[in-house]
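This one's a predicted model, so the numbers in the text were calculated from it and none came from an experiment.
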Amino acid sequence: MIIALFPNEKKKQSFDLAKGIQEFLTAQGIIVVAEDEKAPNIGAKPMSSIDRKDINFLITMGGDGTILRLSYRFGDIDAAIIGINLGHLGFMADIPISDIYPSLTDLIKGSYKIENRLMIEGTTEEGNVYHAVNDMVFHRAANQSLIELAIHVDGLYLNTFKADGIIIATPNGSTAYSLAAGGPILSPRLEAFVITPICPHTISNRPIVLTAEHELQIQYLNEYDPIEVRADGLDHFMMKTGQIFRVKKSDRRFKLVNLLRHDYYATLRTKLGWSGKLR
């Protein structure tokens, strides 16, 4: 088994923890690799010394943002990701520092499932393609006024949202920006999109959930400055008046390790501070 380990240089304890993880995994007969410039610091083999197609798992150290950045930078590696949470709100990076070694033991023993989560794909009129694990965000950018975005579903008119923008989120991304904007939480196993308006002018403009078999067409109507479209906050372009952006289910899948010792609903309760009790 080959595992790629990705410490986050912005987290002070990351490299010390990574070195300990490397020693633990190596003692179990696992080959541990890391980015060439980081490998010597944690005692791992440089990634360039192996065929990246042979990597079985990617272990990230940070938060959900670390996982997203990794999925973009190493999108060619078809391996499932497991996240150690060194941040705060981690729905994907759900392994706390206190549970690192029991979780790694379960990984080695095979006590896990791999979830192939939905991703979305967006295409500009020029044919440029963008992919997102969490969301596509359309925002007014430099415009001082609210913008109008017309949305069609498979060519059928849905609504024109007058707002700061809209978010089109996957179930995985429903606990990110969409949740902060008032959107619903979707089970990560659903095949669906949620359209969430950002600060809409009309209070009746509410989030709507659609099955992922639909194609959405989003058109920017105002004769204002271009608006900004961001995929997972990492990749972006400027959209001009009248332009149409098409969004659909991607052929790609986001692979996330779900350890059997971890419970998604328990993660929700913990991360969102729910205090309800069984009676």
Side-chain angles (χ1 to χ4, degrees), residues 6 8 10-14 17 21 57-71 80-120 132-137 167-199 206-212 232-233 253-279:
F6 295 89
N8 186 336
K10 295 182 180 180
K11 304 291 183 179
K12 293 182 179 179
Q13 74 271 50
S14 181
L17 288 171
I21 292 171
F57 297 101
L58 310 177
I59 297 179
T60 70
M61 306 183 67
D64 287 356
T66 303
I67 290 178
L68 290 176
R69 287 189 291 273
L70 182 72
S71 69
I81 296 175
I82 182 169
I84 296 172
N85 189 10
L86 304 184
H88 300 286
L89 265 181
F91 289 96
M92 292 181 285
D94 61 352
I95 297 176
I97 293 176
S98 60
D99 199 42
I100 288 176
Y101 294 107
S103 295
L104 292 177
T105 298
D106 280 0
L107 181 69
I108 295 168
K109 290 181 177 179
S111 297
Y112 65 86
K113 294 180 180 179
I114 294 178
E115 294 188 354
N116 292 288
R117 296 188 176 184
L118 176 78
M119 292 180 62
I120 51 180
V133 172
N134 271 359
D135 50 42
M136 298 276 186
V137 177
I167 304 162
I168 300 176
T170 64
N172 191 80
S174 69
T175 50
Y177 191 8
S178 177
L179 180 64
I185 296 172
L186 304 184
S187 166
R189 296 182 182 180
L190 286 177
E191 295 284 307
F193 306 132
V194 56
I195 303 172
T196 305
I198 305 170
C199 299
R206 309 308 299 165
I208 181 171
V209 178
L210 301 171
T211 67
D232 284 340
R253 287 282 162 162
F254 173 63
K255 295 183 178 182
L256 190 68
V257 174
N258 178 18
L259 293 172
L260 301 184
R261 66 186 292 109
H262 290 283
D263 176 354
Y264 173 73
Y265 302 106
T267 299
L268 280 182
R269 290 195 303 273
T270 300
K271 300 300 180 180
L272 298 179
W274 291 349
S275 58
K277 296 181 180 180
L278 290 174
R279 296 182 182 271

I need the [X] [atom1] to [Y] [atom2] distance, nearest 0.5 Å.
X      : Y      : atom1 : atom2 : value
Ile120 : Asp135 : CD1   : CG    : 7.0 Å
Arg117 : Asn258 : CZ    : CG    : 7.0 Å
Asp232 : Leu68  : CG    : CG    : 5.0 Å
Tyr265 : Ile185 : OH    : CD1   : 11.0 Å
Asn85  : Thr66  : CG    : OG1   : 9.0 Å

Sequence neighbours left out, what pairs pass salt bridge (Lys or Arg N to Asp or Glu O under 4.0 Å) with at least one residue falling in residues 176-188?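 Salt bridge (Lys or Arg N to Asp or Glu O under 4.0 Å) check on residues 176-188 returns no pairs.
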Minimal non-hydrogen separation, Gly183 against Pro207, with atom names: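 In this case the closest contact between Gly183 and Pro207 is CA-CG, 3.9 Å.
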At their closest point, which heavy atom of Ser187 faces which heavy atom of Pro171, and how far apart are they?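 Smallest interatomic distance, heavy atoms only, reads O-CB, 3.2 Å.
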Does a side-chain heavy-atom distance below 4.5 Å link [X] with [Y]?
X      : Y      : value
Ile81  : Thr60  : yes
Ile208 : Phe193 : no
Thr175 : Leu272 : no
Asp64  : Asn134 : no
Ile21  : Met61  : yes
Thr170 : Val133 : no

Kindly write out the residues that satisfy ring pair (Phe, Tyr, Trp, His ring centres under 6.0 Å) with Phe57, not counting sequence neighbours, or none if the list is empty. Tyr112
Okay, side chain of Ser111, backbone of Leu107: is any donor-acceptor separation there less than 3.5 Å? no
Of all pairs that satisfy side-chain hydrogen bond (donor to acceptor under 3.5 Å, both in side chains), the ones with a partner from residues 189-199, not counting sequence neighbours: Ser178-Thr196, Glu191-Arg253
